[in-house]
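Numbering of ligands and ligand atoms starts at 1, following listing order.
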Amino acid sequence: MTEKPGSFVKSYGCQMNVYDSGRIGDLLGEAGFAARSELDQADIIVLNTCHIREKASEKIYSELGLIRQMKEERAREGRNLVVGVAGCLAQAEGEEILRRAGAVDFVIGPQSYHRLPQVLDDVRKGARPFVGEFDTQEKFDELARRAPRRRGDATAFVTVQEGCDKFCSFCVVPYTRGPETSRPVAEIIAEVEQLAAQGVREITLIGQNVNAYVFADGATRWTLARLFERLSEMKDIVRLRYTTSHPLDMGDDLIEAHRDLPKLAPYLHLPVQSGSDRILRAMNRRHDAKLYRDLIARIRTARPDIALSSDFIVGFPGETDEDFEATMALVRDIGFASAFSFKYSMRPGTPGAERADQVAEDVKKARLAALQGLLEEQRVAFNQACIGRTFDVLFEKPGRHAGQIIGKSPYLQSVNVDAPATLIGQMRRVVIERPGSNSLFGRIHQAEKAA
Ligand code: 5AD
Ligand code: SF4
């Protein structure tokens, strides 16, 4: 029997891309390719790219250089290697990629990759297609016809919403992912049921503006909160999460869901970007720092043990020392368990890139270092405060040492425990004993052992 040709999908960027890469792998599977774990074992390579910051895009062009060499070596051996570029860079620079990167056989945008079978056909006939329509609804429908395949994972992402209508002045997403589109509720429920039947126990609902989810099913208006209420009823699903959210879409019902639904993890990733009202206005965030602070206060009242995470940008055009200090003050006042922070990166086609008052690189660097120092202090303090607490840990995989397994706390911390591998895929009460550098160590709660 001849071995099937191999595929390799490499994912860059956000969770949305991780999800899409899985589905691209499924489509390649249907087209007769078997997933391989190494790039050099593949007969087809798809880079699922990111365009969010300049560095992300540069990384991909350099990877394409390496792949070109690989393809040339293969050609000398008389073998073919098909190379595709998918994702947000593909959407933004599709024509340019085809011009610049001779090794690339096809380019397919994030809202049209369900057309991959047709594209592969075209490539076989010698074409070099670029498909970049915003067919989000069609993509959802197409994906719903196929069951996602998870290979023994305890946790999975499920896309519920894509695209963005907010047009923050730094961000490419509205241009690469198109308008906000919510997925039909029946498709989401069906996908979660399939995943649960495959052993998945935790679901993270994802979307570029996930809390803007809204779907009318007859007279019923489905919001993210209502969706969580429905998914909470599934007995095999033990934990629910969501990411990423916009403060303006943080509805009262979602805050109440944090109070009322025990399965909804007490963890919220809510990007604020800046603590300065002047900069928030320039960023077109459509809210001020007070709105964010008030929101956090209400969420903490609803769910006192909630931990917070956020995204920050330093050095947006026009940011002064005083503006930056307002960001530091907001971080000090609120306190984050974890966070992502970035230097502003000019993105072609966005309003921020047009501004003349760009901040000097060394200033951005110094501000980022100061902010990250503070955020790291808060992260370490949060982990330290977890010592002695008992958490529900969902075990996901074997640990680095024999006899150890690793799971996630409600706060997305990795927790190492000495316990049998048979617990992988299950949730247990774990007493947290000590912090590691990037994780925690704990032991199974006595009551669970007896049970
Ligand atoms: N420069 C720096 N960071 C950015 N982000 C989005 N666009 C840019 C940009 N041009 C950050 C934001 C967003 C996260 C996903 O990436 O903080 O929330
Ligand atoms: Fe990157 Fe944004 Fe595209 Fe995700 S949606 S891959 S973060 S540009």
E58, CD: over 12 other non-hydrogen atoms inside 6.0 angstrom:
yes
So is K343 touching ligand 1 or not, going by heavy atoms under 4.0 Å?
yes
State whether a side-chain donor-acceptor pair under 3.5 Å links N383 with Q413.
yes
One thing to verify: whether E180 and K166 come together as a salt bridge, which I'm taking to mean a side-chain N less than 4.0 angstrom from a carboxylate O.
yes
For side-chain hydrogen bond (donor to acceptor under 3.5 Å, both in side chains), just list the numbers for E93 and Y61, CA-CA rounded to whole Å, side-chain angles, deciding distance to a tenth of an Å, and then say yes or no.
CA-CA 11 Å; E93 296 185 3; Y61 280 113; 2.7 Å; yes
If you measure from each non-hydrogen atom of F342 to ligand 1, which part falls under 4.0 Å: side chain, backbone, both or neither?
side chain
So, regarding F312 and ligand 1 (criterion: nitrogen or oxygen to nitrogen or oxygen, under 3.5 Å), is there a contact or not?
no
Regarding atom 18 (O) of ligand 1: of the candidates T350, T244, D311, which has the closest heavy atom?
D311
Does N48 use its side chain to pair, donor to acceptor, with the backbone of G87 at less than 3.5 Å?
yes
Would you mind listing which atoms of ligand 1 come within a distance below 4.0 Å of any non-hydrogen atom of R347?
10 (N)
Under a 4.0 angstrom heavy-atom cut-off, which atoms of ligand 1 come close to Q273?
12 (C), 13 (C), 17 (O), 18 (O)
